[in-house]
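Everything on this sheet refers to the single structure shown next.
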Amino acid sequence: MASRKVDAFFVSDIESVGWLTGFTGSSGYAIVTPTAGRFVSDSRYTIQAAEQVKDLPTFTADSKIDRLSFLATNIQELGIKKLWFDGTKVSFDQYGKLAGKLNGTELVSGTDPIAPLRLIKSPAEVEKIREACKLADACLDHVVRLIRPGVSEWDLNLEVEFYYRRQGAELAFEPIVVSGNNSARPHGRATHKLLENGDFLTIDCGAKLDGYCSDITRTFVVGKASDRHKEVYNQVLKSQVAAIAAIKPGAIGRDVDKVSRDVLAEKDLAQYFGHGLGHGLGQLVHDGGALNPSSDTVLAEGQIWTVEPGAYIEGFGGVRIEDDVVVTAGGCEVLTHFPKDLMELPA
């Protein structure tokens with residue numbers, strides 16, 4: 001705030017609000033000054049905010065009060081003359097309406113200063129993600145027993161969801177369960193297609209447990225693997241192992257990404273890898289930051305990343321292998337542990 005010569009930062013992204021304050025509801029704002037601040041929400045969360053938000057006074061309005069007018073009143077009561085906000089999180093319509101209610105307060109759009117802070121996880125956050133990763137491992141261990149010809153993608157998708165919810169977790173994201181030609185779609189959706197011998201089957205799923213996410217992907221072969229199955233799978237695995245070995249404090253995101261692509265290129269598979277190597281993981285499954293060809297992110301101890309190279313060959317199928325890792329002083333620790341050697345199912 002000092003470097004930008006502003007009086008306060010307006011936190012509108014609900015995930016950043018939760019990270020700063022401990023609030024777990026769906027609607028709320030934080031106004032942060034160098035010495036004070038306020039948490040602002042509506043009357044649905046009066047009790048919850050008072051219980052969860054410990055470091056800021058909480059203010060909530062009932063439905064008779066216009067929310068933006070209430071927000072403007074709180075901003076002006078703090079005596080703020082110049083208010084910094086994240087222009088990617090406030091819509092043009094919200095900006096115009098709020099500006100119209102703020103007499104004497106200048107709104108200044110800028111980048112979000114919270115996102116870089118969220119990249120570094122505290123030991124408590126790491127432990128929560130570790131537990132979510134354990135649940136992801138257990139989910140795959142459960143679902144893998146159901147994989148056989150004649151089972152539908154949709155049934156496996158439902159089983160993933162049921163398993164997480166039975167354990168008291170939420171879905172970190174809609175599971176991806178794709179087989180055969182569908183597995184060449186990196187973000188394909190489960191269909192009623194039945195598994196067939198000779199299919200690649202990719203399952204990408206994650207739990208949100210105690211507010212933090214896991215994200216794991218494994219690819220299997222239904223029935224016996226062909227030589228081409230083995231060649232593609234093992235090269236993707238080699239690529240992932242090499243990328244994990246390259247993760248350490250001071251490494252640059254694009255350089256780690258390049259390690260995986262160089263290994264895939266050994267078997268002419270880099271052309272089939274179109275997405276980035278990984279993303280940050282935390283309260284959101286995409287929690288900021290990226291490992292991709294243009295990433296200038298500097299890796300640092302405490303960051304948690306997914307590492308998920310793939311090869312997607314139209315007309316044949318696709319492979320993705322994904323683990324979650326936390327950057328440590330000497331490299332990184334892998335948090336997901338479901339086996340990665342090629343599995344032919346049913347065994």
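Scope of the values below: all heavy atoms of this structure, side chains included, with no hydrogens, waters or symmetry mates. Residues take their numbers from the sequence shown, with the count starting at 1.
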Check: With ILVMFWY side chains joined below 4.5 Å, transitively, what does Leu78's cluster contain besides itself?
Finding: Phe10, Tyr29, Ile31, Val40, Phe59, Ile65, Leu68, Phe70, Leu71, Ile75, Ile80, Leu83, Phe85, Val90, Tyr95, Leu98, Leu102, Leu107
Check: In terms of side-chain geometry, is the basic nitrogen of Asp323 or Arg218 positioned less than 4.0 Å from the acidic oxygen of its partner?
Finding: yes
Check: Without hydrogens or angle criteria, can the side chains of Glu301 and Thr328 be said to hold a donor-acceptor pair below 3.5 Å?
Finding: no
Item checked: Nearest heavy atoms of Val307 and Ala243, plus distance in Å -> CG1-CB, 3.9 Å
Notebook entry, point to check: Backbone N or O of Val53 within a donor-acceptor pair of the Thr21 side chain at under 3.5 Å?
Noted result: no
Check: Heavy atoms, side chains only, cut-off 4.5 Å: are Leu135 and Ser214 in contact?
Finding: no
Next item on the list: Please report the closest heavy-atom contact between Ile176 and His187, naming both atoms and the distance.
Entry: CD1-CD2, 3.6 Å
Margin query: I'd like to know whether Thr33 forms a side-chain contact (heavy atoms from CB on, under 4.5 Å) with Phe9, so could you lay out the CA-CA distance, the side-chain angles of the two residues, the decisive distance to 0.1 Å, and finally the verdict.
Written below: CA-CA 7 Å; Thr33 79; Phe9 180 67; over 6 Å; no
Check: Using the ring of each side chain (for Trp, its six-membered ring), is Tyr312 parallel, tilted or perpendicular to His275, with breaks at 30° and 60°?
Finding: tilted
Next item on the list: For Lys121 and Leu281, indicate whether the former's side chain and the latter's backbone hold a donor-acceptor pair under 3.5 Å.
Entry: yes
Notebook entry, point to check: Between Lys128 and Asp210, does at least one N-O distance fall below 4.0 Å, as a salt bridge requires?
Noted result: yes
Item checked: Any residue meeting salt bridge (Lys or Arg N to Asp or Glu O under 4.0 Å) with Arg148, in chain and number order, not counting sequence neighbours -> none
Checklist line | Asp287 versus Leu119, closest heavy-atom pair with distance | finding: O-CD2, 4.3 Å
Next item on the list: Only pairs at least two apart or in different chains count here, so list each salt bridge (Lys or Arg N to Asp or Glu O under 4.0 Å) that has a residue in residues 175-193.
Entry: Lys193-Glu196, Lys193-Asp199
Item checked: Test side chain to side chain contact (heavy atoms under 4.5 Å, CB included) applied to Pro249 - qualifying residues, sequence neighbours left out -> Val327
Check: Is the closest side-chain heavy-atom distance between Lys224 and His229 below 4.5 Å?
Finding: no
Check: Backbone N or O of Phe273 within a donor-acceptor pair of the Arg261 side chain at under 3.5 Å?
Finding: yes
Check: Just checking, is any N or O donor in the side chain of Gln48 or Thr24 under 3.5 Å from an acceptor N or O on the other one?
Finding: yes
Checklist line | Any donor-acceptor N/O pair, Tyr163 side chain to Ala136 backbone, under 3.5 Å | finding: no
Next item on the list: Using the salt bridge (Lys or Arg N to Asp or Glu O under 4.0 Å) rule, collect all pairs that involve residues 13-36, keeping only residues at least two apart or in two chains.
Entry: Asp13-Lys89, Asp13-Arg118
Note to self: Using modelled atom types and a 3.5 Å cut-off, is there a donor and acceptor pairing between side-chain atoms of His279 and backbone atoms of Gly276?
What the structure shows: no
Item checked: Atom pair NZ/OG of Lys258 and Ser260 - distance to nearest 0.5 Å -> 10.0 Å
Check: So do the side chains of Phe220 and Leu342 get within less than 4.5 Å of each other, counting heavy atoms only?
Finding: no
Notebook entry, point to check: Between the main-chain N or O of Glu308 and the side-chain N or O of Thr306, is there a donor-acceptor pair closer than 3.5 Å?
Noted result: no
Next item on the list: Check whether any side-chain heavy atom of Tyr272 sits under 4.5 Å from a side-chain heavy atom of Leu264, and report yes or no.
Entry: no
Notebook entry, point to check: Can Asp268 and Gln271 be counted as having a side-chain donor-acceptor contact under 3.5 angstrom?
Noted result: yes
Checklist line | Heavy-atom check, side chain of Asp137 versus side chain of Ile216, under 4.5 Å | finding: yes
Next item on the list: Measure the shortest side-chain to side-chain distance between Lys81 and Thr105 over non-hydrogen atoms and say whether it is less than 4.5 angstrom.
Entry: no
Notebook entry, point to check: Are the side chains of Ser152 and Asp155 in touch, meaning some heavy atoms are under 4.5 Å apart?
Noted result: yes
Checklist line | Donor-acceptor contact present, side-chain Asp324 to main-chain Thr336, <3.5 Å | finding: no
Item checked: With sequence neighbours excluded, residues passing salt bridge (Lys or Arg N to Asp or Glu O under 4.0 Å) with Glu161 -> Arg165
Notebook entry, point to check: How about Gln76 and Lys101: does a side-chain donor come under 3.5 Å of a side-chain acceptor?
Noted result: no
Item checked: Option among Val177, Leu156, Thr217, Val160 that satisfies the side-chain contact (heavy atoms from CB on, under 4.5 Å) test with Cys205 -> Val160
Margin query: Looking only at side-chain N and O atoms, does Glu153 offer a donor or acceptor that is under 3.5 Å from a partner on Thr191?
Written below: yes
Checklist line | Whether Ser41 side chain and Ser27 backbone form a donor-acceptor pair below 3.5 Å | finding: yes
Margin query: With a 4.5 Å cut-off on side-chain heavy atoms, are Leu291 and Leu299 touching?
Written below: yes
Notebook entry, point to check: Between Asp204 and Arg320, is there a salt bridge with N-O shorter than 4.0 Å?
Noted result: yes
Next item on the list: Locate the shortest heavy-atom distance separating Phe200 from Ser183; write the atom from each residue and the value.
Entry: CB-OG, 3.6 Å
Notebook entry, point to check: Do the side-chain N and O atoms of Ser91 and Asp93 include a donor-acceptor pair separated by under 3.5 angstrom?
Noted result: no
Item checked: Ser295 and Asn292: side chain donor to acceptor below 3.5 Å -> no
Next item on the list: Could you tell me whether a side-chain N or O of Gln235 sits under 3.5 Å from a main-chain N or O of Val263, the two making a donor and an acceptor?
Entry: yes
Notebook entry, point to check: Does the distance from a Lys or Arg side-chain N to an Asp or Glu carboxylate O, for Arg130 and Glu125, drop under 4.0 Å?
Noted result: no
Note to self: Is it true that Thr202 and Thr219 share a donor-acceptor pair across their side chains at a distance under 3.5 Å?
What the structure shows: yes
Notebook entry, point to check: Is any NZ, NE, NH1 or NH2 atom of the basic residue among Asp62 and Lys64 found under 4.0 Å from an Asp or Glu carboxylate oxygen of the other?
Noted result: no
Next item on the list: Measure across Leu335 and Cys133 and return the closest heavy-atom pair with its distance rounded to 0.1 Å.
Entry: O-CB, 3.4 Å
Margin query: If I compare all heavy atoms of Ile114 with all of Ser16, which pair ends up nearest, and what's the gap?
Written below: CG2-OG, 3.4 Å
Notebook entry, point to check: Can you check side-chain contact (heavy atoms from CB on, under 4.5 Å) on Val221 and Leu345, steps first, answer last?
Noted result: CA-CA 6 Å; Val221 172; Leu345 297 171; over 6 Å; no
